[in-house]
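Worksheet: the structure to be examined is printed underneath.
Per chain, numbering begins at 1; letters A, B, ... match sequence-line order. Computed over heavy atoms, backbone and side chain alike; hydrogens, waters and symmetry mates excluded.
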Amino acid sequence: MAEYNFREIEQKWQQIWKEKGTFKAAVDPKRPKFYSLDMFPYPSGAGLHVGHPLGYIASDIISRFKLLKGFNVLHPMGYDSFGLPAEQYAIQTGQHPALTTEQNISRYTEQLKNIGFAFDWDREVRTSDPAYYKWTQWIFMQLFSSYYDLEANKALPISSLVARFEQEGNARVKAVCDEDTPAFTAAQWKAFSTNEQQQLLLHYRLTFLAETTVNWCGALGTVLSNDEVKDGFSERGGHPVERKKMMQWSMRITAYADRLLKGLDQLAWSEPIKEMQRNWIGKSIGAEVVFAVKGSNQKIQVFTTRVDTIYGVTYLALAPESDLAAELITDAQRATAEAYIQQAKNRSERDRMSDVKTISGAFTGAYAINPFNGEEIPVWIADYVLAGYGTGAVMAVPAHDERDYNFATHFGLEIRQVIEGSMENGSFPGKGGIVINSGNLTGLTMKEAMTQSIAFLEEQGIGRGKVQYRMRDAIFTRQRYWGEPLPVYFKDGLPYLIEEKDLPLVLPEVDKYLPTEDGAPPLGRAKDWTYTTETGTYPLELSTMPGWAGSSWYFFRYMDPSNTHSFADKDKTDYWGAVDLYIGGSEHATGHLLYSRFWTKFLYDIGAVSIDEPFQKMINQGMIQGRSNFVYRIKGSNTFVSLGLKDTYDTSAMHVDVNIVHNDQLNLEKFKAWRPDLANAEFILEDGKYHCGAEVEKMSKSKYNVVNPDDIIERYGADTLRLYEMFLGPLEQFKPWNTNGIDGVYKFLRKLWNLYHPQNGAFTVSDLPASKEELKALHKAIKKMEEDMANFSFNTSVSSFMICVNELTSLGCNKREVLEPLAILISPYAPHIAEELWALLGHGESITKARFPAFQEAHLVESNFEYPVMINGKLRAKLDLPLTLTVPEIEKAALADAQVQKWLEDKAPKKVIIVPGKIVNLVV
RNA sequence: GCCGGGAUGGUGGAAUAGGUAGACACGCAAGACUUAAAAUCUUGUGGCCAUCUGGCCGUGCGGGUUCGAUUCCCGCUCCUGGUACCA
């Protein structure tokens, strides 16, 4: 083999890796472990595009680097294979989603294998596989059978809660439960019917059935997330969406809010991502205050973080959606207030967003009583109050809250200052100031006033200190077919778990993947979708789990993928522990990453695993955007003008397939083949070439800018693709895909190959000792690679390889002493060529079993340094001096230099700055 | 609005405990080889001025600190990601 034949080499080594099981991982307590994980893909019908492998290549490089460093590496891949696209496709074609999914997975797998990843394919998981989702269902059952105990600060079995109820009722139980949970004694509990008891337990279970308001899309027959709704219409298909109350399964993730918040401090994630999670959880510490309504039995409950300003309350504001608001309206105000409510409801989110400055509201006519001073304060309706947060009601303190201030100013309401400070610039929060005009709170600091008022509220039974989270409990059901069935049946309208021995509860066959005629989910079409116990046969739950169920624990399954008696052996999860490096997109910041952390903490609580944070270190790769190319057609003709000339004609731009454009030059023959209808097109060229325009857009089929990695591999090979994707720029940066620089990377690999094949392409290496320069070139690269691996700076490593190979080429180096470590160095990036060279060097074992070359500082030590000599901050001369010189000696040498003297004009410098080994600067 | 990230040649990007700006690569130009093209190799390539030695300008804009600023500070502009009145 004389030439660098990437096709032959890459196929050969991918085959050998597969046959020898090179990347099979196994528990080995003697070696340190390294768990390197990619966010697994949803296998879409479009196949993999060049953006997908970016993160996978980075994690593959780290994995292979860790192998060379002697780690036992777990580096798996799998598929998040439940999802809406397959179901939509099924609705359109009648093809079973399992079939489509299977086909898509085969395509993805083939594409991934072509890139030569060091995945242990034996560990592949698929969330839609019954052997996998058996355990997703199992985890659901554990959640159903648990409650969150606030004293133990962890999840405990619901059976121990029942035991406590039997002994003492629920008065002293400190547990996370629904707000409306009634109090009962032990005697009452025992007197309840089974149904009543079950009903009560639902208030405590970590997964529970409750009425929630959801985005219901009748046309799709399903509930959509906020993300999936745009301007009141579904993102897919544009069908109308309405807010509707429905019985839904929820996960009590709020029970873990505080631990999810605190856990972030320990994680090596980027600050922006942690910050996003903190904001999402949104912890506020404050108090709940109950206001009585004058002349009514109604109470208004508000949540406030500033109870210290309670004497400054001059009105209450209710959300327009609140039922209470409607009830409080007096006859005198009815017309205006109800009109306002109606108007607020009609305002779309979009309107509210673009119209933040408009202040609107309506007076209800009702008055509330301030419990601290008995004052009567007006109750208003305002759309700046959100129904979904806190209690949907606020106590307004215009003097110390900007929104309240604007509202009060607009409607001429009183503004009463209760914190010391100047009101010249409108309201001010006054945190840390002294409380004034506030009865017996006057003179206290904010903190003291808070403590004292909360004590007063609790004493009077009209409020309490409260921690409020922005985060809601997570809705856990979808009215869809292609998801995990819930292992739940209904008896007397109450949910019960099926028995564990009956898992997995396999998704039934249906005739159509649409909702039933009476609006039930697709599973309503399944025959015999029932569960039989000793007491009878009962209907099973018709909803399925949401997309995030299966992805919330897959990282554990990789550790023990074919286990049939548990989701993973404890021995194995203990050995592999947390993920050491997780690479994926930042779009999962608040969804997947939060749910996974929640489930891991839960599994930790029940003793199923020994870690309570799944992902120790995370890197978020930037999305690869598409780069579209354009041709310019003269309007009404079949003539196309090159970019530089387009303005001299009346043209319209047209997307052209980026795959027939190279370096922004159009291949005319391919263009005609691409668009047979334009086969007779004429071209007006520049310098004999057709230059295309370019623009950065999202990668999409309709913009003809999708680049398939297979095409790149076909043309340049997988090693080039891998190197090039890394060379493109910093991993975390968003960047458009373009192939403009790929030739340089390909050229580099051929140069590398030629180092080992110096004469007439024959493999030759010399066993002579390497020269000083050769070793220096090598060790510079070793040093750089070590540093770059620590910083995840992949692009600069590729540069340093290029520099090294360029230097070795000009030195004519073909010494084994240099070329062996060089092959190892490059092997994480370009594994195929490295394996081939390693084999040619006479090694029988895979290069992945080699050890990373040790960096030796001695090879980089210089005796001389070329000092830049700056005069008044400008570079004027260079001086090659031994590094052993002292500062005075350097100064003497610098002043003696002819160039320097010319600039000094015989004057002595005012100041001399010398940094040995760096710079000489003279000030004149 | 708020919270992140960013702005460096024709292009992708290097270099920040403050110390020679533009590594590496693409593109472009010239040359060699070739009947020719491709490939390969050599040289040049931030801008302006200059016959040359060389000079001036230059890291989004305006200031500041410093012997010295792409890097630090203050004030802006624009791009980009997230988020949406959270009481």
Can you tell me which nucleotide in [options] comes closest to the side chain of [X]?
| X | options | value |
| --- | --- | --- |
| A:Met802 | B:rC3, B:rA25, B:rA14 | B:rA25 |
| A:Lys747 | B:rC85, B:rC3, B:rU40 | B:rU40 |
| A:Asn806 | B:rC24, B:rG82, B:rC3 | B:rC24 |
| A:Asp743 | B:rA23, B:rA87, B:rG27 | B:rG27 |
| A:Asp383 | B:rA15, B:rC85, B:rC86 | B:rC85 |
| A:Phe303 | B:rA87, B:rA25, B:rG13 | B:rA87 |
| A:Ile803 | B:rC24, B:rA87, B:rC86 | B:rC24 |

So what's [N] paired with, Watson-Crick or G-U wobble, going by both distances under 3.5 Å?
| N | answer |
| --- | --- |
| B:rC67 | B:rG19 |
| B:rC48 | B:rG55 |
| B:rC24 | B:rG12 |
| B:rC41 | B:rG31 |
| B:rC76 | B:rG60 |
| B:rU83 | B:rG1 |

Is any side-chain N or O of [X] closer than 4.0 Å to OP1 or OP2 of [N]?
| X | N | answer |
| --- | --- | --- |
| A:Lys784 | B:rA23 | no |
| A:Ser284 | B:rA87 | yes |
| A:Lys911 | B:rC67 | yes |
| A:Arg876 | B:rU20 | no |

Where does B:rG75 land, syn or anti, once you apply the within-90°-of-0 test for syn? anti

Between A:Tyr315 and A:Phe411, does the ring centre distance come in under 6.0 Å? no

When only distance counts, do a donor and an acceptor, one from the side chain of A:Asn921 and one from the base of B:rC67, lie under 3.5 Å apart? yes

If only atom types and distance count, is the side chain of A:Asn370 paired as donor or acceptor with the main-chain N or O of A:Tyr311 below 3.5 Å? no

Between [N] and [M], how far is it from one [atom1] atom to the other, in whole Å?
| N | M | atom1 | value |
| --- | --- | --- | --- |
| B:rA23 | B:rA32 | C1' | 28 Å |
| B:rG75 | B:rG27 | C1' | 39 Å |
| B:rA17 | B:rC73 | P | 14 Å |
| B:rC24 | B:rG63 | C1' | 35 Å |
| B:rA29 | B:rC78 | C1' | 34 Å |
| B:rU53 | B:rC79 | P | 44 Å |
| B:rU65 | B:rG1 | C1' | 33 Å |
| B:rC49 | B:rC67 | C1' | 29 Å |

What I want to find out is whether A:Asp265 reaches A:Arg278 closely enough, with some N-O distance under 4.0 Å, to be called a salt bridge. yes

Have a look at [X] and say if it touches a base, only the backbone sugar-phosphate, or nothing, with a 4.0 Å heavy-atom cut-off.
| X | value |
| --- | --- |
| A:Ile913 | base |
| A:Phe748 | nothing |
| A:Arg750 | sugar-phosphate |
| A:Asp404 | nothing |
| A:Gln733 | sugar-phosphate |

Hey, does A:Leu755 have a side-chain heavy atom less than 4.5 Å from the side chain of A:Thr809? yes

Test item: A:Met789 and A:Ile61 side chains (from C-beta on) under 4.5 Å apart, heavy atoms: yes

Working for side-chain contact (heavy atoms from CB on, under 4.5 Å), residues A:Val385 and A:Leu318: CA-CA 6 Å; A:Val385 181; A:Leu318 305 176; 6.0 Å; no

May I have the distance from [X] (atom [atom1]) to [N] (atom [atom2]), rounded to whole angstrom?
| X | N | atom1 | atom2 | result |
| --- | --- | --- | --- | --- |
| A:Phe734 | B:rA7 | CZ | C1' | 17 Å |
| A:Asn795 | B:rC24 | CG | C1' | 10 Å |
| A:Tyr867 | B:rG19 | OH | P | 16 Å |
| A:Asn740 | B:rG13 | CG | P | 12 Å |
| A:Ile619 | B:rG5 | CD1 | C1' | 15 Å |
| A:Arg403 | B:rA87 | CZ | C1' | 5 Å |
| A:Asn279 | B:rG82 | CG | P | 14 Å |
| A:Glu891 | B:rC67 | CD | C1' | 13 Å |

Which label fits A:Tyr746 and A:Tyr4: parallel for a plane angle under 30°, tilted from 30 to 60°, or perpendicular past 60°? tilted

Atom pair CD1 (A:Ile913) and CD (A:Glu891), whose distance is rounded to the nearest 0.5 Å: 10.5 Å

A:Leu413 and A:Phe407: CA distance, side-chain angles, deciding distance, side-chain contact (heavy atoms from CB on, under 4.5 Å) verdict: CA-CA 8 Å; A:Leu413 298 167; A:Phe407 191 86; 4.1 Å; yes

Closest to the 5' end of RNA chain B, once A:Pro730 and A:Lys751 are matched to their nearest nucleotides, is A:Pro730

If you find the nucleotide of RNA chain B closest to A:Thr391 and the one closest to A:Met276, which residue's nucleotide is nearer the 5' end? A:Met276

